Amino acid sequence: MLQLPFIRENKEAVIKRLAVRNIDAKPLIDQVIILDEERRALQTQLDNVLAESNSISKEIGMLFKSGKAEEANALKAKTGDLKESSKTLSEQLNQKADALNQLLYQIPNVPHDSVPSGNTDEDNEEIYKEGEIPQLHSEALPHWELAKKYDIIDFELGNKITGAGFPVYKGKGARLQRALISYFLDKNTEAGYTEFQFPHLVNEASGFGTGQLPDKEGQMYHVTGDNLYLIPTAEVPGTNIFRDVLLNESDLPIGITGYTPCFRREAGSYGAHVRGLNRLHQFDKVEIIRVEHPDNSYNALDSMVNHIKEILKELKLPYRILRLCGGDIGFTSALTFDFEVFSTAQDRWLEISSVSNFETYQANRLKLRFKNKEGKNELAHTLNGSSLALPRVLAGILENYQTEKGIKIPDVLVPYTGFEWID
RNA sequence: GGAGAGGUGGCAGAGUGGUAAUGCAGCAGCCUGCUAAGCUGUCAUCCUUCGGGAUGCCCGGGUUCGAAUCCCGGUCUCUCCGCCA
C-alpha cells in the first residue's frame, strides 16, 4: 500500500497520477486525509490521558514504597475517570485506524510517469518487436492439435484425473517442459540470480504480504483443513522471504530465481481463449525477483527486460514488448512490461512474461526495509518478472517450429532435451 | 497424533508485579599518524507546539493504581515419542 506521509505531502500529484488508471481517486484520498487527521487528534488526546494515569501510577508506587499507604489509596480513587476515557478513546482510535487502513488497501499503486493512460489491453503501447513470424505450411495446426498428433500433452487424461485445465505432459512433451525449466534457471543464475526452491503452499500472512489477500482470495486454491493456499505464482513465497526483514544497504541488490508450479482458479474464464495451453489451472513458471535500492530500481527493471529479451532471442521466437497502460497495469505495480509471443497458428499474441516494479508498494505491506546511509530504516523497492511462464512458450515453440516432418526443437534447448525433433 | 519447553530490539541475551539491563553489529561525530582502538551520541513504531509524550517483550482478552512478569484463549517454533517419503 501507499505510504501515508507520501499521500499527505503529495496529495494533488497522487490524484493526478492515479487518473492514468481511469480512477477518480479524489474522494478516496480526501477521506484518507480527513481520517488521518482525526486519527492523529485522537492519538494525541489518548496520549495525554495515558500520560496522566502513568504519572499517577508512578506516584502510587513511590508512596507505597515509602510506607504511605493511605495517601496511595487516596490517589487510586482518581484513576477511575482516566481509565474510562482512555478506554473510550482507544476504541475510537482503533476504529479510525481500521477505517483508514481499509481505505489504503483500496488505493492502487501510483503509476510511473511513463505509463500511458488507457482503459484496456488495446491501449497498451507496443515498444519493441523482434523475430520473424514464420510462414507455416498449409497443414499447420494449433498447438493443442499438435499435442494430440504427436501424443505429447494429454488434456483428456488431465480431465479424468483432476479436471479441465490440468494437462498431463507425456514423453517428449514432459522432457521438453523439464528442458525449458532447466534452461530458464540456468540463464537466470548466469545473470546473477540465486536459485531457490520454494514451498508451494503458503500461509495467510504471506498471502497478505504480497497482496493476494484479502482481495483476490477467490483466485487461489485454499486448503481449508490447514488454512494454507496453493501459490498462484512464485512471487508469493519468493517475496515473502523478505517480510518483516531489515537489510543492510550493502545487502542490496538481491536477485533470486525459482521454478514453481502455479495454481490459479481462474473463475469465470471460458471460451476459445482457454483452449489448449492458453489458460490453465496449474502451470509451470520460472520467476525472477529483485530487491533494490530505490535509486536503482528502474535500472534493475531495464536489466530484467533485457534479460528476458535475450532469452527469447535465443529461443528464436517472435515476440513483442508492451508497456501496459493505466487501465491494464496491475493493482500493486508502478510500471509493467508484458512480453508476448506470437502464436502463429492461432494468429494471436500470448502473454508469457510480465515484469514489474512495485517500488515501495509491496515493501510497505511486507515491512521490507534497509538501513540507509543515515542509519534510518527505509523501504526497499521490489520487482519481479516471469522468466518465463512455460505453457505459452511451449505453445509458441510447437506452433512456430512445426514443419511437415515434425516439430524442430530450438537449438539452444537441444542440449537439455537430448533430441532435435518431435515427430 | 501424544508429552514437554519456549517466543524480549538487526542479532545475542538478562529481566517473575513498580514501568525494558548488557554485549555485538550498523550509523553520525570526536580523538589518535599503523589493516585498528577509544570516547560520545544515535540505533523499534506513532504523535509532537521539538520541550516532550505515547506505544512496543508472538497475537487477542482479563486481573491490577500499575503487567514482559499473574490468569484465560489462540498461534508459531523447538525437543522427545509415535507414524512416515
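Keep in mind that this is a model prediction, so the values were computed, not measured. FYI, side chains are in, hydrogens and waters are out, and symmetry mates aren't considered; it's all heavy atoms of this structure. Reminder, nothing fancy here: chain letters follow the sequence lines and each chain counts from 1.
- Distance CD/A/Gln362 to CD/A/Glu235: 5.0 Å, rounded to 0.5 Å.
- Using the Watson-Crick or G-U wobble rule with both distances under 3.5 Å, B/G60 pairs with B/C72.
- Rounding to the nearest 0.5 Å places OG1 of A/Thr332 at 12.5 Å from CG of A/Asn364.
- Rounding to the nearest 0.5 Å places CD1 of A/Ile321 at 7.0 Å from OH of A/Tyr128.
- Within the structure, a side-chain polar atom (N or O) of A/Lys83 is placed less than 4.0 Å from OP1 or OP2 of B/G66.
- Under the 4.5 Å side-chain criterion, counting only non-hydrogen atoms from C-beta, A/Phe370 is in contact with A/Leu252.
- Side-chain proximity of A/Ser57 to the nucleotides B/U19, B/U45, B/U64 is greatest for B/U19.
- What separates NZ of A/Lys76 from P of B/C65 is a distance of 5 Å, to the nearest Å.
- For A/Leu246 and B/C11, the CG to P distance is 8 Å, given to the nearest whole Å.
- Taking atom CG on A/Leu82 and atom P on B/U64, their separation rounds to 16 Å, with Å as the unit.
- The cationic group of A/Lys172 does not satisfy the cation-pi geometry with A/Tyr150, failing either the under 6.0 Å distance to the six-membered ring centre or the 45° limit from the ring axis.
- Using atom P as the reference point in both B/U49 and B/G62, the two lie 33 Å apart (nearest Å).
- A sub-4.0 Å separation between OP1 or OP2 of B/G10 and a side-chain N or O of A/Asn377 is absent.
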Can you give one letter per nucleotide of nucleotides 46-54 of chain B, 5' to 3': B if a protein heavy atom sits under 4.0 Å from the base, S if only from the sugar-phosphate, - if neither?
SSS----BS
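- Rounded to a whole Å, the CG atom of A/Asn94 is 13 Å from the P atom of B/U55.
- Among the heavy atoms of the strands, none lies under 4.0 Å from A/Ile56.
- With a 3.5 Å ceiling on both atom-pair distances, the Watson-Crick or G-U wobble partner of B/G4 is B/C78.
- Pairing for B/C34 is absent, judged as Watson-Crick or G-U wobble with the two contacts each under 3.5 Å.
- Considering CD1 of A/Ile311 and CZ of A/Phe184, their distance stands at 6.5 Å, rounded to 0.5 Å.
- Separating the P atom of B/G7 from that of B/C58 is a span of 7 Å, rounded to the nearest Å.
- A donor-acceptor pair under 3.5 Å is formed between the side chain of A/Gln402 and the backbone N or O of A/Glu399.
- Put simply, CZ on A/Phe64 is 16 Å from C1' on B/U19, counting in whole angstrom units.
- The NZ atom of A/Lys87 sits 6 Å away from the P atom of B/G62 (whole-angstrom rounding).
- Glycosidic conformation, B/G51: syn, with the torsion inside 90° of 0.
- A/Asn248 places its CG atom 17 Å from the P atom of B/C43, with the value rounded to the nearest Å.
- Comparing the P positions of B/G73 and B/G41 gives an interatomic distance of 46 Å, to the nearest angstrom.
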